[in-house]
Amino acid sequence: MDKKLSKLMMAFAMVVIIGFAGNAMASKEVRFVYVPWTCVTVKTEVAQHFLNELGYDATSMLLSVPIAYQAMATNQADIFLGNWMPTMQSIAEPHFESGNVESFSVIMEGAKYTLAVPTYVYEGGLRDFSDIAKFGEKLEYRIYGIEEGNDGNEVIEMMINENMFNLGDFELIPSSETAMLTQVQNFARNQQWIVFLGWSPHWMNKIIDMSYLTGSDETTFGENDGTATVYINIRSGFDQQQPNVANFLNNYLVPIEMVNEAMNMLHEDSALEPLEAGLTWLRANPEIYRGWMDGVTTADGRPAMPVIEALMAH
């Protein structure tokens, strides 16, 4: 009887030990989701790399915008660094209202996301949303977007479906970021007319002579002609479970100049990876990553700064 009791107690002890070990491992898990936009990829890979250096098990999944929110809402992911507002409001707001996802902190200010045209089109008279329909034939009644399910595409579809700005006869042409911009460049070579989704930061602003349209309001791409703020969103409760990571995220304000320059590097060197482009810029601007480490520790409680300084020295 004593032997049986002893074996049961030992078995129970092993379960408890394994349970504690599992919790310890789980406490180091950080799961990012990101979308196939270069700017979000750079920010995500840099954050993931820093957290891994600090002793966390940081991973990332590439998803569409709606699926990224669903992943956070169902505890399949923890962090999304690409909540462009106000254009993502229709996708994000239901998850905020349900209490499953939280808008945590600002990651980038002064961004832009709205419709754009090559400058020769702008100079030809297409300067505002209300001008698009006037040039329907020149545009072949098409507006070029990016990947399926993207919030910008949803805004364009809403404008078409509701005949806003007399766009009822137009068609949205969805594509990838790269394919859309290739199309814009091809059209520009032949001085053909095109309207497309444009945003900043992005290398398109450097290599394409382009102009953003006026006319956006709170029902489309937001007021101030599509000026956007980008937020960090988290799975609800993540900041309580991971207060040190939450501290890092609070500090993680990314300058537009960093993303613009990193994206330019990537465009000019196809062999370069997004992470290395981001780290290259940070090594030249160390005050930025040092600010991110304010009050942050490693996963086991040591000061984070010496670890990151050692990383950035290589």
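This one's a predicted model, so the numbers in the text were calculated from it and none came from an experiment.
With 3.5 Å as the limit, one finds no donor-acceptor pair spanning the side chains of Y122 and D128. Side-chain contact annotation: E45 with Y34, donor-acceptor N/O pair under 3.5 Å absent. R31 and N75 share a donor-acceptor pair across their side chains, judged by distance under 3.5 Å alone. W193 and E140 share no donor-acceptor pair across their side chains, judged by distance under 3.5 Å alone. Side-chain atoms of E109 and T229 include no donor-acceptor pair closer than 3.5 Å. Defined by atom type and a distance below 3.5 Å, a donor-acceptor pair is present between the side-chain atoms of S211 and T119.
Taken to the nearest 0.5 Å, the CE atom of M204 stands 4.5 Å off from the CG atom of L181. Rounding to the nearest 0.5 angstrom, the gap separating the CG atom in L51 from the CG atom in L249 is 7.0 Å. Taking CH2 from W292 and CG from N250, the interatomic distance works out to 14.0 Å, rounded to the nearest 0.5 Å.
For A92, the side-chain contact (heavy atoms from CB on, under 4.5 Å) partners two or more places apart in sequence, or in a different chain, are Y69, N83, F96. For Q183, the side-chain contact (heavy atoms from CB on, under 4.5 Å) partners at least two apart in sequence or on another chain are Y144, N186, F187, I194. Judged as a side chain to side chain donor-acceptor pair (under 3.5 Å), and not counting sequence neighbours, the contacts of S216 are T220. Residues satisfying the side-chain contact (heavy atoms from CB on, under 4.5 Å) criterion with D225, sequence neighbours excluded, are K112, T214.
Contacts classified as side chain to side chain donor-acceptor pair (under 3.5 Å) and involving residues 163-181 (residues at least two apart or in different chains) are given here: T38-E177, E177-H202. For residues 265-274, the set of pairs meeting the side chain to side chain donor-acceptor pair (under 3.5 Å) definition, not counting sequence neighbours, is empty.
R302 contributes no side-chain N or O that, together with a main-chain N or O of V307, makes up a donor-acceptor pair within less than 3.5 Å. S236 contributes a side-chain N or O that, together with a main-chain N or O of N100, makes up a donor-acceptor pair within less than 3.5 Å.
Side-chain contact between M258 and L282: present, with at least one pair of heavy atoms (C-beta onward) separated by less than 4.5 Å. When side chains are defined from C-beta on, V42 does not count as touching W37, because their heavy atoms never get closer than 4.5 Å. Contact of the I107 side chain with the L253 side chain is not registered, since no non-hydrogen atoms from C-beta on lie closer than 4.5 Å. The side-chain heavy atoms of M85 and V230, taken from C-beta on, include no pair separated by under 4.5 Å. The side-chain heavy atoms of F32 and D78, taken from C-beta on, include no pair separated by under 4.5 Å. Counting heavy atoms from C-beta on, the side chains of N233 and F104 never come closer than 4.5 Å.
In summary, D57 and K28 do not engage in a salt bridge, as defined by a charged side-chain N under 4.0 Å from a carboxylate O. Taking a cutoff of 4.0 Å between a charged side-chain nitrogen and a carboxylate oxygen, E261 and K206 do not qualify as a salt bridge. A salt bridge does not link E102 with R235: none of the charged nitrogens is closer than 4.0 Å to a carboxylate oxygen.
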Stepwise side-chain contact (heavy atoms from CB on, under 4.5 Å) check, F196 with L115: CA-CA 6 Å; F196 61 95; L115 296 178; over 6 Å; no
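Heavy atoms from other residues, nucleotides or ligands lying under 6.0 Å from CD of E137 number 12 at most.
Taking the six-membered ring where tryptophan is involved, the planes of Y113 and F221 are perpendicular, since the angle between them exceeds 60° and thus also 30°.
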